Amino acid sequence: QVQVAESGGGLVQAGGSLTLSCTASGLTFDGHAMGWFRQAPGKEREGVSCITWSGWGTYYGGSVKGRFTISRDNAKNTVYLRMNSLKPEDTAMYYCAAGGGPTCSGAFAEYEYNYWGQGTQVTVSS
């Protein structure tokens, strides 16, 4: 049974930083690209970042490029999202997902991701 679990969300002031973690079990972790998505109240879920199986390829949504960094530790079955210079508009539920394959070919197409976590809330105060 595949399980994906996010952690690290919380309340932070604008300009601050947070690091989200996501651990996946029940799958061959280094065989899967991993992605982060977010959904703000009243808005559609959007892709934030994706990292290939090896960690060599990373992709970012336009609104977070230059501020967020995705990384992974395959030995720990964990992917991270370091978020710097946070803005109130970054407030959302953040979801981690395991891709169907090793690359980010679909980048932020949700159908490319087979397994999803329950999400962790990030709130940025102004």
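Please read these numbers as outputs of a predicted model, since none were measured by experiment.
- Between Thr91 and Val124, the closest heavy-atom pair is OG1-N, 2.9 Å.
- When all heavy atoms of Leu86 and Val12 are compared, the pair lying nearest together is CD1-CG1, 3.5 Å.
- Atom OG1 of residue Thr123 and atom CE of residue Met93 lie 8.5 Å apart, to the nearest 0.5 angstrom.
- When the side chains of ILVMFWY residues are joined at heavy-atom separations under 4.5 Å, either directly or via intervening members, Leu18 and Val64 end up in a single hydrophobic cluster.
- A donor-acceptor contact shorter than 3.5 Å links the side chain of Asn74 to the backbone of Trp53.
- Between Phe37 and Trp116, the two ring planes are tilted [angle within 30° to 60°].
- In this structure, NZ on Lys87 lies 14.0 Å from OG on Ser126, to the nearest 0.5 angstrom.
- Of the possible polar contacts, none joining the Ser49 side chain to the Tyr60 backbone as a donor-acceptor pair under 3.5 Å is found.
- Distance check: Gln1 CD to Tyr115 OH gives 10.5 Å after rounding to the nearest 0.5 Å.
- Within the model, atoms OG of Ser7 and CD of Gln118 stand 13.5 Å from one another, a figure rounded to the nearest 0.5 Å.
- Closest of all the heavy-atom pairs between Ala40 and Ala92 is N-CB, 3.8 Å.
- Between Cys22 and Met34, the closest heavy-atom pair is SG-CE, 4.1 Å.
- Side-chain contact between Phe29 and Thr78: absent, with no pair of heavy atoms (C-beta onward) separated by less than 4.5 Å.
- For Asn77 and Thr23, the side-chain atoms include no donor-acceptor pair closer than 3.5 Å.
- For the pair Tyr95/Val4, no side-chain contact is recorded, criterion being any heavy-atom separation below 4.5 Å from C-beta on.
- Considering only heavy atoms from C-beta on, Met83 comes within 4.5 Å of Val122 through its side chain.
- No path of Ile, Leu, Val, Met, Phe, Trp and Tyr side chains, each step under 4.5 Å between heavy atoms, connects Tyr94 with Tyr59, placing them in separate hydrophobic clusters.
- Pairing each heavy atom of Arg38 with each of Ser63, the nearest pair is NH2-OG, 3.1 Å.
- Closest non-hydrogen pair, Cys50 versus Tyr113, comes out as SG-OH, 3.3 Å.
- Rounded to the nearest 0.5 Å, atoms OG (Ser71) and CZ (Arg82) are 10.5 Å apart.
- A distance of 7.5 Å separates CG in Asn114 from NE2 in His32, rounded to the nearest 0.5 Å.
- Side-chain atoms of Arg72 come within 3.5 Å of backbone atoms of Thr52 as a donor-acceptor pair (strictly under, hydrogens ignored).
- For CD of Gln121, the number of neighbouring non-hydrogen atoms (other residues, nucleotides, ligands) closer than 6.0 Å is greater than 12.
- Not a single donor-acceptor pair under 3.5 Å links the side chain of Tyr80 to the backbone N or O of Asp73.
- Looking only at distances, a side-chain donor or acceptor of Glu6 sits under 3.5 Å from a matching main-chain atom of Cys96.
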